[in-house]
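Quick notes on the structure that follows.
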Amino acid sequence: MTYVSDDTDPSGAPANGERASSRRALGCAFEIVETLVLTLLIYLVIHNFVAQPFEVQQSSMLPTIVEGEYILIDKLSVRFDGYHYGDVIVFSPPSGSGLADDGIPFIKRIIGMPGDTVSLENGRVFVTRPGESPVRIEEPYAMKTEDGTTAPTDCPRPDCPLEWIVGEDEYFVLGDNRPSSQDSRVFGPIDQELILGRAWLRYFPLERIGLIERPEYPTLTAGDGG
């Protein structure tokens, strides 16, 4: 927007220098405010509907994502493509879990989709899709023990049910660092409304920059319905 100062007063005489300078300053101020408002609106649109920066403040996704790394949350593509097995997502902990008081979002991996039954047996994860038989999923991304084997997926609670039915618009999530993760084993499947988006890109530190890939699960041959 461009403002042109009026060089004459009502009588037709040239405006004095002080009045012209004042109007030019006012015009510049309006342009600055306009630019700031537009910039804020663009930021809010991008932040709420396209992508959001996020600092990881937990170690539950080791070794895939390290505490202190910065990632971009994809909020756009999930509106059209939905979520899938293996997606790493950022979400708000359920309010009844006792883990939402500090307001820090969680970051975990989707293991169970709506309608699935997720069960634990001998430290391994099994997924049963509707109308199908249970299948054990392979998880090469999960934390390894000192001898190089995959750390067992045990329940951290003494009253763990060891089996969960994932409801409509819900997802069962686990951290890759199974021995040190508060996830659906503690608070059950999460509602889709709690999900902020999918972890898409690690942009800091620079030596670890790159896309956060979604793994494949060959045993879940029927697809994920996302």
Side-chain angles (χ1 to χ4, degrees), residues 39-97 99-116 118 125 127 137 139 141-142 164 166-178 180-206 208-217 220 223-226:
T39 301
L40 178 60
L41 288 175
I42 293 174
Y43 168 79
L44 290 175
V45 169
I46 293 175
H47 186 276
N48 290 314
F49 300 104
V50 181
Q52 175 183 340
F54 175 70
E55 178 186 0
V56 178
Q57 301 182 49
Q58 302 134 7
S59 60
S60 63
M61 280 299 293
L62 286 170
T64 307
I65 300 174
V66 179
E67 184 177 4
E69 292 186 334
Y70 287 79
I71 65 172
L72 277 182
I73 302 173
D74 171 19
K75 295 186 172 187
L76 183 61
S77 70
V78 295
R79 298 177 182 272
F80 310 100
D81 190 36
Y83 295 99
H84 302 262
Y85 290 113
D87 278 341
V88 176
I89 61 170
V90 178
F91 62 95
S92 300
S95 57
S97 65
L99 302 170
D101 296 341
D102 57 10
I104 298 176
F106 278 15
I107 181 167
K108 312 289 179 185
R109 189 183 299 277
I110 291 179
I111 300 298
M113 300 286 290
D116 287 349
V118 179
V125 181
V127 175
I137 60 173
E139 302 186 274
Y141 46 76
W164 297 263
V166 186
E168 184 179 358
D169 295 325
E170 290 185 339
Y171 296 88
F172 190 91
V173 297
L174 294 174
D176 290 356
N177 185 5
R178 300 293 161 78
S180 181
S181 175
Q182 304 239 49
D183 45 41
S184 287
R185 294 172 293 174
V186 175
F187 45 73
I190 63 167
D191 195 285
Q192 182 170 327
E193 292 183 353
L194 297 174
I195 302 177
L196 302 179
R198 175 169 45 220
W200 168 55
L201 173 71
R202 179 192 296 105
Y203 65 90
F204 186 83
L206 296 180
R208 293 214 354 127
I209 192 171
L211 297 176
I212 299 173
E213 302 286 350
R214 176 194 304 148
E216 295 184 359
Y217 298 91
L220 296 171
D224 57 22

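The figures that follow rest on heavy atoms only: side chains count, while hydrogens, waters and symmetry mates do not.
Taken from CG in Leu196 to OG in Ser92, the straight-line distance is 4.5 Å, to the nearest 0.5 Å. Within the model, atoms OH of Tyr217 and CD1 of Ile111 stand 4.0 Å from one another, a figure rounded to the nearest 0.5 Å. Here NZ of Lys108 is found 10.5 Å from CD1 of Ile89. Values are rounded to the nearest 0.5 Å. For the atom pair Ile71 CD1 and Phe54 CZ, the distance stands at 6.0 Å (nearest 0.5 Å). Expressed to the nearest 0.5 Å, how far CD1 of Ile104 lies from CD of Gln57 amounts to 4.5 Å. Tyr85 OH to Leu220 CG: the interatomic distance, rounded to the nearest 0.5 Å, is 5.0 Å.
Tyr141 is linked by a ring-ring contact (aromatic ring centres under 6.0 Å, His included) to nothing, counting only residues two or more places apart in sequence or in another chain. Under the rule for a side chain to side chain donor-acceptor pair (under 3.5 Å), the partners of Glu69 that lie at least two apart in sequence or sit in another chain are Arg202, Arg208. Residues passing the side chain to side chain donor-acceptor pair (under 3.5 Å) test with Asp183 are Ser181, Arg185, sequence neighbours excluded. Applying the side chain to side chain donor-acceptor pair (under 3.5 Å) test to Gln192 and every residue at least two apart in sequence or in another chain returns Tyr171. Partners of Tyr203 according to the side chain to side chain donor-acceptor pair (under 3.5 Å) rule, which considers only residues two or more places apart in sequence or in another chain, do not exist here.
Of the residues listed (Arg198, Arg214, Arg79), the one engaging Asp74 in a salt bridge (charged side-chain N to carboxylate O under 4.0 Å, His left out) is Arg198, and it is the only one.
Counting all heavy atoms, side chain and backbone alike, Leu201 lies closest to Gly210 at CD1-O, 3.3 Å. Nearest heavy-atom pair, Pro93 versus Leu194, reported as atom, atom and distance to 0.1 Å: C-CD1, 4.4 Å. Residues Ser60 and Ile107 approach most closely at OG-O, 3.7 Å, considering heavy atoms.
Asp116 places no side-chain N or O within 3.5 Å of a backbone atom of Val118 that could act as its donor or acceptor partner. Gln58 places a side-chain N or O within donor-acceptor distance of the main-chain N or O of Pro105, the cut-off being under 3.5 Å.
Looking at Phe172 and Val127, their side chains never come closer than 4.5 Å, going by heavy atoms from C-beta outward. Side-chain atoms of Val78 and Asp87, non-hydrogen and from C-beta on, never get closer than 4.5 Å to each other. Looking at Ile209 and Phe204, their side chains never come closer than 4.5 Å, going by heavy atoms from C-beta outward. Proximity of Met61 to Val56: side-chain heavy atoms (C-beta onward) are nowhere separated by under 4.5 Å.
Within the structure, salt bridge (Lys or Arg N to Asp or Glu O under 4.0 Å) pairs that include any residue of residues 53-66 do not occur (at least two apart or interchain).
The pair Glu139-Arg109 does not count as a salt bridge, with every side-chain nitrogen at least 4.0 angstrom from each carboxylate oxygen.
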